[in-house]
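No experiment lies behind these values; they were computed from the predicted model shown.
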Amino acid sequence: MARPTTSRVLALAAGTGVLIFSAAVLIAMRATNLLGDEYTYAAGARTIARWLAGDASAADTLDAVIGTGWFMPGMAIAGAPIYFFSDDPPLWLLRLFPLLLNLGLFALVCAITWREWGRTHAAALAICPGLMVGWYVAAAGWWPEVPAGLLTMLALVCCWKIGMRVIDERPVGWRVLLLFELALVAALYFRGPVLVLAAGLHAILIVLLLSRRPVLPRRLLQMAAGIALFAVLLLPWSIAISAKFDKAVPTTTNVPLVLANSFAGPEKSCFGACEPGPDIWPAWYFSQDVAAETGENMLDVQARMLDHALADLTASEYLASVRENFGRFLFDPMQRLRAYQDRMYAVPEDWREPLIGLVSAITLIVYVPFLLALLLANILPFRRSDNLRTQSILLKAATACAFIQPFVHKSSARYWTGFAPLMAWAAALLMSAWLQRRAGKTASTMPGWIDWAQRGYGVAFFACGVLIAVGLPA
């Protein structure tokens, strides 16, 4: 009998771990009520299912899914099948369905990563998030960060493949370009901020195309076709939400209210103090009332509310808020699990706190070193090969886009589950660079300024971290 290869043993071990953690989380959360934004996404899914069954009009469905304009429709669309057979499915099914969806995406990303980059990268993904129990808690919830993060990782692998074909002056196949655009727009339909990354990735590819000599018009047209496809796929949502609010809206409407609430607080967000209430809802109702009285567009009112709220904001106050945001964003990964504590009805009350402590410990054992790897990979340049250079550029771009969140949003611990694949990628990139250290540097066909750009970014990333940590004098 042939001995099993290392790759097969690794795949078997990773698959076993995924099944064990998935089953354990599902058992613990089988009677856990929805939390916060989960209700909004589930309600949207129910509305879409009713429309597909012929029980609601298209206009009413669209109006309900758009709602306040704060959320992209991807989670509602993906969750609609669960409501085909029941308007009120049991809680265990509400947890099982997104878990299966996310595990399917995770398996796809692992398989493509293994095929394109090898087992070092696949092993990193198998560990992070594969061995992070806290990630499975989010994966069993109606949170768009998990599928958006996985789809973004898939798009990044495709972007790397396109970039390497451009660098090696090989034809860029239509299939990989199509997969890149579809994965990117799918991620965007889950999370609106992906639009920033989409713009960045397309810009990187265009720069790589223009850096080759001679510039091939066919490749530029091919890239233009990809961008056009991305825009066409986004257009239906942009048209629908813009029509509802009578103003151009590419993705979501909540940026002014979120900025005001994050950096001025509800005491300044409504041309003064807002009425008591959860999150940005009081400011939203206030803008609605002002718009009804003045005849202004509600989004214009919200823009004026933002200007008023931030009029007296100083740089030191802003950085202090950003520092607090990063504290929640990076350093409290189990906050979302603690929020479920009082509604985990399948777990006896006396067991809940010890269980959360155990899950937190297991998650942090993986989370901390992989987070450090992500931070380190954003500081260091990678120059041993064009393969590593291209990966480094894309990883840095994706991290920068992910880390914009605390600069514009109060942020919370739910967002790390979206960039968990980047942490795995960073660890694999560092390991690959270390393994190649004896091979020496290979000749590069990329422009010399690429390495200088990596160094400049690393310095800026480190300096930004120090500035946020230390702050400015008042």
Side-chain angles (χ1 to χ4, degrees), residues 37 39-81 83 142 144 147-148 151 181-182 184-199 202 224-261 269-270 279-307 408-409:
D37 293 346
Y39 283 106
T40 302
Y41 293 119
R46 183 186 293 110
T47 302
I48 292 172
R50 287 176 177 171
W51 169 61
L52 292 173
D55 297 331
S57 68
D60 290 343
T61 299
L62 190 59
D63 185 70
V65 171
I66 294 173
T68 57
W70 298 348
F71 306 105
M72 294 296 287
M75 199 69 227
I77 295 170
Y83 288 98
W142 290 65
L151 286 164
E181 301 295 353
L182 289 178
L184 201 53
V185 81
L188 177 57
Y189 265 81
F190 279 100
R191 290 275 293 140
V194 175
L195 185 62
V196 178
L197 178 61
H202 284 114
I227 295 172
L229 174 63
F230 179 89
V232 166
L233 292 174
L234 176 60
L235 206 55
W237 172 254
S238 298
I239 291 173
I241 193 171
S242 299
K244 176 169 181 175
F245 292 98
D246 197 25
K247 193 173 182 67
V249 180
T251 53
T252 55
T253 64
N254 56 343
V255 173
L257 296 184
V258 165
L259 279 169
N261 185 64
S269 294
C270 299
D279 202 27
I280 58 175
W281 280 104
W284 189 83
Y285 287 124
F286 177 81
S287 67
Q288 191 177 45
D289 292 341
V290 171
E293 291 176 6
T294 63
E296 290 179 86
N297 184 290
M298 186 170 70
L299 300 187
D300 290 333
V301 174
Q302 292 175 10
R304 290 201 295 114
M305 290 163 63
L306 172 63
D307 291 341
V408 298
H409 190 280

What distance separates [X] [atom1] from [Y] [atom2], expressed to the nearest 0.5 Å?
X: Asp279; Y: Trp281; atom1: CG; atom2: CH2; result: 9.5 Å
X: Met75; Y: Arg191; atom1: CE; atom2: CZ; result: 12.5 Å
X: Arg46; Y: Tyr41; atom1: CZ; atom2: OH; result: 16.0 Å
X: Leu151; Y: Leu184; atom1: CG; atom2: CG; result: 9.5 Å
X: Leu306; Y: Ser287; atom1: CG; atom2: OG; result: 12.0 Å
X: Trp237; Y: Ile241; atom1: CH2; atom2: CD1; result: 4.5 Å

Taking all heavy atoms of [X] and all of [Y], pick out the closest pair and write down the distance.
X: Val65; Y: Pro73; answer: CG1-CB, 3.8 Å
X: Ala148; Y: Ala187; answer: O-CB, 3.8 Å
X: Ala78; Y: Phe190; answer: CB-CZ, 3.9 Å
X: Ala49; Y: Ala80; answer: CB-O, 3.6 Å
X: Pro282; Y: Cys270; answer: O-SG, 4.3 Å

Less than 4.5 Å apart, side chain to side chain, heavy atoms only: is that true for [X] and [Y]?
X: Ile77; Y: Ile48; answer: yes
X: Leu299; Y: Thr253; answer: yes
X: Leu195; Y: Pro250; answer: yes
X: Leu188; Y: Phe230; answer: yes
X: Thr252; Y: Met72; answer: yes
X: Ile280; Y: Trp70; answer: yes

Quick check: does any side chain N or O of [X] sit under 3.5 Å from a backbone N or O of [Y], one acting as donor and the other as acceptor?
X: Lys244; Y: Ile239; value: no
X: Asn297; Y: Phe245; value: yes
X: Tyr189; Y: Leu233; value: yes

After noting the C-alpha distance and the side-chain angles of Val408 and Val255, does the key distance pass the side chain to side chain contact (heavy atoms under 4.5 Å, CB included) rule?
CA-CA 8 Å; Val408 298; Val255 173; over 6 Å; no
Can you see whether Thr40 engages Asp37 through a side-chain donor-acceptor pair at a distance of less than 3.5 angstrom?
no
Before giving the answer on side chain to side chain contact (heavy atoms under 4.5 Å, CB included), spell out for Lys247 and Ser242 the whole-Å C-alpha distance, their side-chain angles and the decisive distance to 0.1 Å.
CA-CA 5 Å; Lys247 193 173 182 67; Ser242 299; over 6 Å; no
Using the side chain to side chain contact (heavy atoms under 4.5 Å, CB included) rule, take His202 and Glu181 through it: C-alpha gap first, then chi angles, then the decisive distance, then the call.
CA-CA 10 Å; His202 284 114; Glu181 301 295 353; 2.9 Å; yes
Plane angle bin for Tyr83 and Trp142 - parallel if under 30°, tilted between 30 and 60°, otherwise perpendicular:
tilted
Would you indicate whether Trp51, at its atom CH2, is surrounded by more than 12 heavy atoms from other residues, nucleotides or ligands within a distance under 6.0 Å?
no
